[in-house]
Amino acid sequence: MPEFLKWVFTTLVFLLIILPLSQMPVRLTFEEGSIIIKKVVGRVIIPSAVIVSLSEVPGSTFTKSTQIIGSGGLFGFIGRFSNKGIGEFTALATRKKNLLLVRTIHKNYVFNCDRRRELLKTILEVRPDLQPVRRTDF
């Protein structure tokens, strides 16, 4: 195999498999007043002080969204998406169940949380001024 084709193949494997896999969320915690989404490589920290609103969203959110960049299924829904109701958002979801939309003053996030009601309760203890929306269909 020519050297150029090896380079192209290696680059494609990196871009299509390794890079999306590295961004896959593996754990969600609430520590020191922040939502922390740990990924295979790195983490996303959402301080409760910047949260504007919280709402549950259905799995159809991804069906009704346009993928801007990222993975739309192989390793979950990871990357930037756009939706008429939400606007642009960063997705960090491994599946279409138990989705939570967190709007901040800077950006919007959609991620899975199996214990989302517990997380909402914890955030509201820290930020009693927030009023969560029960469920929003976008």
Side-chain angles (χ1 to χ4, degrees):
M1 181 182 283
E3 194 64 33
F4 175 74
L5 288 180
K6 287 181 186 178
W7 182 85
V8 168
F9 179 75
T10 303
T11 302
L12 284 174
V13 167
F14 178 78
L15 291 175
L16 297 175
I17 297 174
I18 305 299
L19 192 60
L21 178 63
S22 73
Q23 298 304 301
M24 189 174 78
V26 293
R27 187 170 182 196
L28 181 126
T29 59
F30 187 80
E31 301 171 17
E32 300 177 14
S34 296
I35 298 170
I36 300 172
I37 303 168
K38 295 178 182 175
K39 303 182 292 184
V40 172
V41 176
R43 62 188 174 169
V44 174
I45 299 172
I46 308 169
S48 60
V50 300
I51 295 174
V52 175
S53 69
L54 304 157
S55 59
E56 298 175 12
V57 292
S60 62
T61 299
F62 292 110
T63 308
K64 298 175 182 178
S65 299
T66 303
Q67 182 179 333
I68 298 169
I69 188 166
S71 175
L74 182 59
F75 299 108
F77 297 88
I78 303 160
R80 299 288 297 162
F81 290 77
S82 181
N83 178 293
K84 287 182 182 179
I86 299 173
E88 283 194 19
F89 63 94
T90 297
L92 295 157
T94 54
R95 59 195 183 288
K96 293 181 177 182
K97 288 184 172 184
N98 301 319
L99 295 173
L100 189 62
L101 166 63
V102 176
R103 292 184 184 272
T104 71
I105 56 177
H106 304 293
K107 34 188 337 188
N108 301 319
Y109 299 90
V110 173
F111 54 86
N112 298 100
C113 183
D114 292 334
R115 299 182 338 202
R116 62 184 170 182
R117 296 199 195 277
E118 195 176 311
L119 177 64
L120 288 170
K121 182 180 174 188
T122 303
I123 293 170
L124 290 174
E125 288 172 3
V126 176
R127 290 280 313 277
D129 58 306
L130 289 176
Q131 292 299 317
V133 177
R134 280 282 183 215
R135 182 178 169 128
T136 308
D137 292 320
F138 291 108

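No hydrogens, no waters, no symmetry mates; every other heavy atom, side chains included, goes into these values.
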* When you look at T90 and I78, which way does the side chain to side chain contact (heavy atoms under 4.5 Å, CB included) test go after all the steps? -> CA-CA 7 Å; T90 297; I78 303 160; over 6 Å; no
* To do: Start with the C-alpha distance between L130 and I123, add both sets of side-chain angles, then the distance that settles side chain to side chain contact (heavy atoms under 4.5 Å, CB included), and finish with yes or no.
  => CA-CA 9 Å; L130 289 176; I123 293 170; 4.1 Å; yes
* To do: Evaluate the side-chain hydrogen bond (donor to acceptor under 3.5 Å, both in side chains) criterion for residues N98 and N112: first the C-alpha distance (whole Å), next the side-chain angles of each, then the deciding distance (0.1 Å), finally the verdict.
  => CA-CA 5 Å; N98 301 319; N112 298 100; over 6 Å; no
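Take T122 and apply the side chain to side chain contact (heavy atoms under 4.5 Å, CB included) test, not counting sequence neighbours, and it matches F30. Remark: D129 pairs with R127 by the side chain to side chain contact (heavy atoms under 4.5 Å, CB included) rule, at least two apart or across chains. Scanning for side chain to side chain contact (heavy atoms under 4.5 Å, CB included) contacts around R115 gives E118, with sequence neighbours left out. For F111, the ring-ring contact (aromatic ring centres under 6.0 Å, His included) criterion is met by no residue, not counting sequence neighbours.
Within a 6.0 Å sphere centred on CD1 of I69, heavy atoms belonging to other residues, nucleotides or ligands number 12 at most. Applying the 6.0 Å contact sphere to CD of E32 captures no more than 12 heavy atoms from other residues, nucleotides or ligands.
The main-chain N or O of T61 is found under 3.5 Å from a side-chain atom of S65 such that the two form a donor-acceptor pair. A donor-acceptor pair under 3.5 Å is absent between the side-chain atoms of N83 and the main chain of T66, judged by distance alone.
Note that CD of Q67 is 9.0 Å distant from CZ of F77, once rounded to the nearest 0.5 Å. Annotation: the span from E88 atom CD to K107 atom NZ amounts to 10.0 Å, rounded to 0.5 Å. Residue F89 holds its CZ atom at 14.0 Å from OG1 of T104, rounded to the nearest 0.5 Å.
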Could you pull out every donor-acceptor pair under 3.5 Å between side chains of residues 34-54 and any protein atom, sequence neighbours left out?
unit_1, atom_1, unit_2, atom_2, d
K39, NZ, Q23, OE1, 2.6
S48, OG, G33, O, 2.8

With a cut-off of 3.5 Å and sequence neighbours excluded, list every side-chain donor-acceptor pair involving residues 2-22.
unit_1, atom_1, unit_2, atom_2, d
T10, OG1, K6, O, 2.8
T11, OG1, W7, O, 2.8
S22, OG, L19, O, 2.7

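Here the closest heavy-atom approach between residue P58 and residue L99 is recorded as O-CD1, 3.5 Å. Among all heavy-atom pairs drawn from P25 and L92, the shortest one is CG-O, 3.4 Å.
Between R116 and E56 there is a salt bridge, since at least one side-chain N of the basic residue sits less than 4.0 Å from a carboxylate O of the acidic one.
Proximity of the aromatic rings of F81 and F62 is defined here by a centroid distance below 6.0 angstrom, and this criterion is met.
I68 and I86 are assigned to two separate hydrophobic clusters, defined by single-linkage of ILVMFWY side chains at heavy-atom distances under 4.5 Å.
Residues L100 and L120 are in side-chain contact: their nearest non-hydrogen atoms beyond the backbone lie under 4.5 Å apart.
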